[in-house]
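Sequential numbering from 1 along the given sequence is applied to the chain's residues.
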Amino acid sequence: MLRRLYVAALTAVMATLAVAAQTSDAGGNGRSSERHPSSLGNGRVVTDEDKVNATGGDDRIAQLEKEMYRYYSSNATDSFMLITDQLIEACRKAGPSQERLFYKAWSNQAIYSFNRVNRTRGLELANQIHDYAYQHDSKFGLYTSTYALATMSSSLRHFAQAEHEFTEAINYQHRFFPDESAAAPYLGMAKIYVNLEKPEKVLDCARKALAEPNVILQHKLSAWTYICFAYSNDQYSRDDFNRAYAEREKLKRENGHDDTFGTIVNYFYAMKNGRYAEALDIASSIKSGSDRLQFMSKAYASLGDYRQAYLYQVRYKDYRDSVNTAEVQQMSYEFAAQIDVTRAENEAKDLRLSNKDLQIQGAVLITLITLAFSIFYYFRRRKQIRELRHAYNQLADTTTAKERIDSELRIARDIQMSMVPRNFPAFPDRRDIDLHATIVPAKEVGGDLYDFFLQDDHLCFCVGDVSGKGIPASLTMAVAVNLFRTVAKEGFPPEVIATKLNDTMSANNENAVFVTMFIGIIDLKTGHLDYCNCGHNAPVYGERRMHTAQTVFSFLDVESNVPIGLWPDYTFVGGHLDDIRGSSLFVYTDGVNEAENHMQEQFGEKRMLRVLRESTQPFGERTPKTRSHFLIDEMKYALDAFVDGAEQSDDLTMLCVSIK
């Protein structure tokens, strides 16, 4: 008997010490939250006052819950926040019987704040829920904070993180609360797969949500919303979509109001049934800025207005980047790490022995504690030494890997630069051609490009800018340069070259990578210039006035067209200048006019024109520099002075050409 008592005591002490060590490693649980509702959870003591306040309050709580879900799908922010505040307070007074609804209301308030009020505030509320649940040892509270974080991570487009958190929430709920519906996290995963364009997984998650126990009507409506989203994909027929749409309409009437995605479902209904003008009107009324811009771009493309489609696509990407600020994303990552640590600690708590009232004689207990501490210290010290050795080895490996990557990137940059002509004067045996160009990537490798070559008595050239930066942009740049040279050597005019490049690069372009480009061909005998501008910045034309011997710089009036690679079967329109002999053509990428200084002010087109107009070197001077070389160097000097050491944010490319 004494031996069993001894073993039981030793096990209890070791388990307690292990949990204490884990808690210490995780940084402790001394966090404080801004909001401090009275205790509600395993550690709460229900008072007589609570029981009196809770009497007859069930009907009011049920009504508040109904109102919460009704306003959750609306834009009535003040009403929703007031209702949820009242519901949280009513659940607090009702005691442990309303613990789950208490956390549901609080997490709904956090998610609503994140989506409709302020993203930083939403993350702060979710963090408060997590801290409060941790302090009161509430498993359901930890579940709701995990679900809230997953929802916010999904909105920030951290899809891998969100998918992980939703899966953890589902597993946690099925394990500890099998009678509760896990429809909400299933619907959250469905939303992720909508963004990732995986309709089969969207359907799977929506159907699993419908199969959960005790699914509320609002979640049934949302599930059929996502089924409609999945069937809007081109791989499903119009009949598939319309059947799902009809089922959703029945649920909407039963619910008494629509959900937040009702307008978007109607947009897909119009698009799926070929009513593109109606779809455009619906898209313009969508309240979400990101969705409105994205869907208007698609509607314009379906109507054949590719210029508007491109403009709204660019605005959509700029809007999305501006909303998901670095600060909010960092808060999301930190909160995710905190959730994972707490979940691990909570699982450790579940392993504690249930018998905490075990008492043994004082001498035995002191001996066991001393022994346990000695063992703990010994193994803890060994673990620290192993971790230190492992960290050192990792640092060495990381340093070696970084050096290898840096070396490979330098090689990649050399290879990339070898793809564009770099020897100047470009044509030393042709005194009638003055051409100079430069390219400066923002990273080790970049997406800007230029190329030029002589074919008979024609000078072919181009300047381009690939969307994005880094290695993906550099790979597309290599493809674009080789395609241009191959097609241009066939003798096609610029607009045909652009069309052929677009047909090739838009095929299987799942990532929507595009290239803006200016293509020109000069007849050296006549000075005639044919050109095609493919969504690129308009070049600057320095026209030589023969009667004054002055050069007047202004932007060339060009048909902008659309970038290469976005829409197949687009027909590009070109232009021409009859005679550019004696004049200069300055072609550049947006890294020039959008260069920023430390105050985030842009260099701008006006300042760029002023630099060109104030250059005074006479045309044709070849010592020490040609006119084109001189103009580009003047622009580089002006840019360097303007940015004053600020980090370069975009690739920078310039090409200047003059002929006699």
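- Judged purely by distance below 3.5 Å, without hydrogens or angles, the side chains of Q161 and S153 pair a donor atom with an acceptor atom.
- Within a 6.0 Å sphere centred on CD of E647, heavy atoms belonging to other residues, nucleotides or ligands number 12 at most.
- Other residues, nucleotides and ligands contribute more than 12 heavy atoms inside 6.0 Å of the CG atom of D179.
- For the residue pair E163/Y193, the side-chain donor-acceptor check at 3.5 Å is satisfied.
- Minimum interatomic distance between R248 and G262 (heavy atoms only, all atoms of both residues): NH2-CA, 3.5 Å.
- Not a single salt bridge (Lys or Arg N to Asp or Glu O under 4.0 Å) links D78 to another residue, sequence neighbours left out.
- The closest side-chain heavy-atom distance from K298 to Q294 is below 4.5 Å.
- Residues E278 and N266 have side chains that never bring a donor and an acceptor to within less than 3.5 angstrom of each other.
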_Verdict with supporting geometry, W106 and Q128, side chain to side chain contact (heavy atoms under 4.5 Å, CB included)_ = CA-CA 10 Å; W106 201 359; Q128 290 173 25; 4.1 Å; yes
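- Between the side chains of T225 and D259, at least one donor-acceptor pair of N or O atoms lies under 3.5 Å.
- Between F241 and Y245, the ring planes lie parallel to each other; the angle is under 30°, not in the 30° to 60° tilted range.
- By the side chain to side chain contact (heavy atoms under 4.5 Å, CB included) test, V215 is found to be paired with S181, A183, E212, H219, K220, residues two or more places apart in sequence or in another chain being considered.
- By the salt bridge (Lys or Arg N to Asp or Glu O under 4.0 Å) test, R70 pairs with E67, sequence neighbours left out.
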*Let me see the working for K208 and D204 under salt bridge (Lys or Arg N to Asp or Glu O under 4.0 Å), right down to the final yes or no.*
CA-CA 6 Å; K208 286 180 177 178; D204 180 60; 3.3 Å; yes
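- Side chain of K191 to backbone of Y186: no donor-acceptor contact under 3.5 angstrom is found.
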